[in-house]
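Beneath this line is the structure, given in structure tokens, with notes to follow.
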Amino acid sequence: MKFEPVTSRFFEQATESLAYQLLDLVLVHESPEGLVAGRIVECEMYQGPDDKGAHSFGGKPTPRTAVMYGPPGHAYIYLIYGMYYCFNVVTGEAGLPHAILVRALEPLVGVDVMLSRTRNKSVASNRLAAGPGKLCQVLGIDRRLNAHALWRPPLYLARPMSRWPTYQVARGPRINIGYAGEAQAWPWRFWVVGHPAVSVKAPPVRVESPADRTEEGEHA
DNA sequence: GAGTTGATCACT
DNA sequence: GTGATCAACTCT
């Protein structure tokens, strides 16, 4: 299976439009243990400084969140709960601290390498990366890749050589941001309807047809 | 419900 | 500078 990296120009669009488009793409890591890649099936957008759920809420850059304030298309990777990493795509023009958390992907290449990195021996192979912490674990992503430009190796977004079958996108509230006040309810999580690699089952606010997606992308 | 580490913040 | 708090998670 071959993949074509996106260009830096790809990231020069509104965050919500990018969130939808991530579901067309593959995340590739040319790791020391081998190439691993998977189709992105779930993501969440975070739009500081007004989003109480975002690390960039309030608008004051910190050492951790500095990369979110830079130009789009770079990786924002942070340690969560002392044990897991989460991988984000920085979006929004420089100065606008937006990012999209990639929550789940469908393993496509290097499943053997992914299996060797997981501790849970009984997990189904299509759920090896069903969750942001597991995703980073099986792809071998850690803080060393923070701020990496995501249009070049060893870590990049890519288009598959052939398009995915037609699919629907659902959107709903984001996961585990109970501290975020009313932002908790904002429908800023996006996922491929019915896909087995999606991390958490939750009722969508609404389901959109491919035509809806196209229309929304053009308006963005 | 526990595990585990470091960023962040409210204080000296 | 120092200490307390707690997190965009995962598995038991």
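Letters go in sequence order (proteins before strands), and every chain restarts at 1.
- Atom CD of A/E30 sits in a crowded spot, with more than 12 heavy atoms from other residues, nucleotides or ligands closer than 6.0 Å.
- By the stacking rule of 5.5 Å between ring centres and under 30° between planes, A/Y46 stacks on the base of C/dA8.
- A/F57 places its CZ atom 18 Å from the C1' atom of B/dA7, with the value rounded to the nearest Å.
- Among the nucleotides B/dG6, B/dT8, C/dA8, the one closest to any side-chain atom of A/L79 is B/dG6.
- With a cut-off of 3.5 Å on both Watson-Crick or G-U wobble distances, the partner of B/dG1 is given as C/dC11.
- For A/R103, a side-chain nitrogen or oxygen approaches OP1 or OP2 of C/dC9 to under 4.0 Å.
- To the nearest 0.5 angstrom, A/R171 atom CZ is 9.0 Å from A/W188 atom CH2.
- With both ends at atom P, the span from B/dC9 to C/dA8 equals 13 Å, rounded to whole Å.
- Side-chain N/O atoms of A/R143 include one lying less than 4.0 angstrom from OP1 or OP2 on B/dA7.
- Judged by distance alone with a 3.5 Å cut-off, a donor-acceptor contact links the side chain of A/Y78 to the base of C/dA8.
- Using a 4.0 Å heavy-atom distance criterion, A/I80 is classed as a sugar-phosphate-only contact.
- With rounding to whole Å, A/R119 atom CZ is found 17 Å from C/dT10 atom P.
- For the pair A/Y85 OH and B/dT4 C1', the interatomic distance rounds to 12 Å; values are reported in whole Å.
- Note: CD (A/E42) to P (C/dC9) measures 10 Å, nearest angstrom.
- Under the Watson-Crick or G-U wobble criterion, with both distances below 3.5 Å, B/dC11 is paired with C/dG1.
- Between A/M83 atom CE and C/dA8 atom P there is a gap of 14 Å when expressed in whole angstrom units.
- For A/Q184 and C/dA7, the CD to P distance is 12 Å, given to the nearest whole Å.
- OP1 or OP2 of C/dC9 lies within a sub-4.0 Å distance of a side-chain N or O belonging to A/N176.
- For the atom pair CZ (A/F87) and CD1 (A/I77), the distance works out to 6.0 Å, reported to the nearest 0.5 Å.
- Side chain of A/N120, nearest nucleotide from C/dC11, C/dA8, B/dG6: C/dC11.
- A/Y81 qualifies as a stacking partner of the C/dC9 base, centre to centre under 5.5 Å and near-parallel within 30°.
- With hydrogens and angles left out, the side-chain atoms of A/H55 and A/Y76 include a donor and acceptor closer than 3.5 Å.
- A straight line from NZ of A/K134 to C1' of C/dA8 spans 16 Å, rounded to a whole angstrom.
- Comparing the P positions of C/dT5 and B/dT12 gives a spacing of 15 Å, expressed to the nearest Å.
- Phosphate contact (OP1/OP2 of B/dG6, side-chain N/O of A/R64, threshold under 4.0 Å): absent.
- The residue among A/G82 and A/S199 whose nearest nucleotide of DNA chain C is located toward the 5' end is A/G82.
- Atoms CG (A/N88) and C1' (C/dA8) sit 8 Å apart, rounded to a whole Å.
- Residue-to-nucleotide proximity on DNA chain C shows that, of A/Y179 and A/S122, the 5′-proximal contact is made by A/Y179.
- Residue contacts for A/G53: at a heavy-atom cut-off of 4.0 Å it reaches a base atom on one of the strands shown.
- By the 30° and 60° cut-offs, the orientation of the rings of A/W151 relative to A/H74 is perpendicular.
- One finds the NE2 atom of A/H29 at 5.0 Å from the CG atom of A/L145 (value rounded to the nearest 0.5 Å).
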